[in-house]
Asker: 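Pasting a structure here, questions to come.
Keep in mind that this is a model prediction, so the values were computed, not measured. Proteins come first, then strands; the chains are lettered A, B, ... in the order of their sequence lines, and each starts at number 1.
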Protein chains: 2
Amino acid sequence: MKSPPPSNARALRSADKLKLETQLCFALYSTLLGVNKVYRSLLREFDLTYPQYLVMLVLWDKDRVNVSEICDQLFLETTTLTPLLKRLEARGLIRRRRSAEDERQVIVSLTDEGRALRQQVKHVPDCLGAAMGGSLEEIVELRDKLKKVRSKLFEAA
Amino acid sequence: MKSPPPSNARALRSADKLKLETQLCFALYSTLLGVNKVYRSLLREFDLTYPQYLVMLVLWDKDRVNVSEICDQLFLETTTLTPLLKRLEARGLIRRRRSAEDERQVIVSLTDEGRALRQQVKHVPDCLGAAMGGSLEEIVELRDKLKKVRSKLFEAA
DNA sequence: TGCGTTTATATCGCGCGCAATACAAATTGT
DNA sequence: ACAATTTGTATTGCGCGCGATATAAACGCA
């Protein structure tokens, strides 16, 4: 009713910026909670978590990569990936072996079961597209805007 | 070079949909990793995590709410919030008391220290805006598109 | 009144996600 | 050749985030 207009019509008052609905970051955060929720129900039958599924995506694209290359592609730390990879190995989807050329490196490769899984999950991206709604154009646009924000964030941090 | 064009020029082949760079979900996931990274460095001095900060945002907007109302606003489960709230209480920022009217409810309220913290962090949203770049219009547009995706995801799951 | 159901919160177990730290292999500089 | 540095991975500790489960309070209804 009597809310005073800010001096600059495009700016927000400090109090408004502290509101949840205003914040892009919270929209991102809460949307990802929804993404995880959907992936959980989709990947449940394969006994996979979403981060594990992401590692499989990396390997299906390029087999036999070392740990730090997976780190780089997924924006994750070794600390996160080492135990995750061990679980994938225990599950029988991947193998981990020290490189012969460079003993420091651990080469991650797909097992036959890991390779075979690809066919079973190939419908998953479509399931998510359906769950999120929107046209292909909208999805591509949103994705590329996020990538831009992501690169800004990682160079800022 | 010799990649066969799909029957529908706007559609993607199943193999391409399984690539990381193609996926909107991974863009979301990895962008949030960047968001968390920036928030960690910003909130470090206040000894706050990002989810804890979100709870404070809820309380600064409306003091004296029960746990499930915080759950609803943050899209989180009680399971996540109960221990988080205990940590905030141990840190001296909030109080937790059983409601007198309904003994099942736990009413969460700000301490003086919790209320005072608001002034100290009010620059944080601007810091993130700067870290993410982009105009206010772009941010608002991206935020609202994410909200739309979020509502779809939660009704799908 | 009494009994089944719903609601609100809590406990437990597990898998991320990262900072701090450790350590061995590889590389570099002298 | 050897010491210092860098690189690649692993270990530990802690805070989410949620499914499965538990429990007490409130409610509904015969």
Asker: Once you round it to whole Å, what is the distance between C1' of dC16(C) and CG of L48(A)?
Answerer: 14 Å
Asker: To the nearest angstrom, how far is I70(B) atom CD1 from dG17(D) atom C1'?
Answerer: 16 Å
Asker: Quick one: does R150(A)'s side chain have a donor or acceptor within less than 3.5 Å of a partner on S30(B)'s backbone?
Answerer: no
Asker: Polar pairs (N or O, both sides) under 3.5 Å between protein and nucleotides 19-24 of chain D?
Answerer:
residue: dA20(D); atom: OP1; partner: R44(A); partner atom: NH2; Å: 3.1

Asker: Output yes when a side-chain donor or acceptor of S99(A) lies under 3.5 Å from a complementary backbone atom of V106(A), and no otherwise.
Answerer: no
Asker: What do you reckon, is NZ of K147(B) surrounded by more than 12 foreign heavy atoms closer than 6.0 Å?
Answerer: yes
Asker: Hey, which sits more toward the 5' end of DNA chain D by its nearest nucleotide, K86(A) or E101(B)?
Answerer: K86(A)
Asker: With a cut-off of less than 4.0 Å, is there a side-chain N or O of T80(B) near OP1 or OP2 of dC16(D)?
Answerer: no
Asker: State whether the side chain of T111(A) and the backbone N or O of G114(A) hold a donor-acceptor pair below 3.5 Å, judged by distance alone.
Answerer: yes
Asker: At under 4.0 Å, does any side-chain N or O of Q52(A) touch on OP1 or OP2 of dG15(C)?
Answerer: no
Asker: Taking atom P of dG17(D) as reference, at what distance in whole Å does atom CG of L81(B) sit?
Answerer: 9 Å
Asker: Would you mind reading off the distance between L54(B) atom CG and dG17(D) atom C1', rounded to a whole angstrom?
Answerer: 13 Å
Asker: Going by the side-chain hydrogen bond (donor to acceptor under 3.5 Å, both in side chains) test, name the single residue among Q105(A), R96(A), R104(A) that passes it with N66(A).
Answerer: Q105(A)
Asker: Between S68(A) and dG8(D), is there a side-chain N or O to OP1/OP2 distance below 4.0 Å?
Answerer: no
Asker: Quickly work out the Q105(A) CD to dT27(C) C1' distance and round it to whole Å.
Answerer: 13 Å
Asker: DNA chain D: Y29(A) or T78(A), which has the more 5' nearest nucleotide?
Answerer: T78(A)
Asker: With sugar-phosphate meaning primed atoms plus P, OP1 and OP2, does N36(A) contact a base, only sugar-phosphate, or nothing at under 4.0 Å between heavy atoms?
Answerer: nothing
Asker: Is atom NZ of K152(A) surrounded by more than 12 heavy atoms (other residues, nucleotides or ligands) closer than 6.0 Å?
Answerer: no
Asker: Rounding to an integer number of Å, can you tell me how far Y39(A) OH sits from dG15(C) C1'?
Answerer: 18 Å
Asker: Would you call R143(A) and E21(B) a salt bridge, using N to O less than 4.0 angstrom?
Answerer: no
Asker: Is any side-chain nitrogen or oxygen of R91(B) closer than 4.0 Å to OP1 or OP2 of dG15(D)?
Answerer: no
Asker: Rounded to whole Å, how long is the line connecting atom OH of Y53(B) with atom C1' of dC16(D)?
Answerer: 18 Å
Asker: Do Y50(B) and Y29(A) have their ring centres less than 6.0 Å from each other?
Answerer: yes
Asker: Would you say T82(A) reaches dA10(D)'s phosphate, i.e. side-chain N/O to OP1/OP2 under 4.0 Å?
Answerer: yes
Asker: Check for a donor-acceptor pair, side chain of Q23(A) on one end and backbone N or O of K17(A) on the other, with a separation under 3.5 Å.
Answerer: yes
Asker: State, to the nearest 10°, the angle formed by the axis through the first five base pairs of the helix from dT1(C)-dA30(D) to dT30(C)-dA1(D) and the axis through its last five.
Answerer: 10°
Asker: Rounding to an integer number of Å, can you tell me how far L74(A) CG sits from dC16(C) P?
Answerer: 12 Å
Asker: Determine, for E141(B) against K145(A), whether the closest basic-nitrogen to carboxylate-oxygen distance falls under 4.0 angstrom.
Answerer: yes
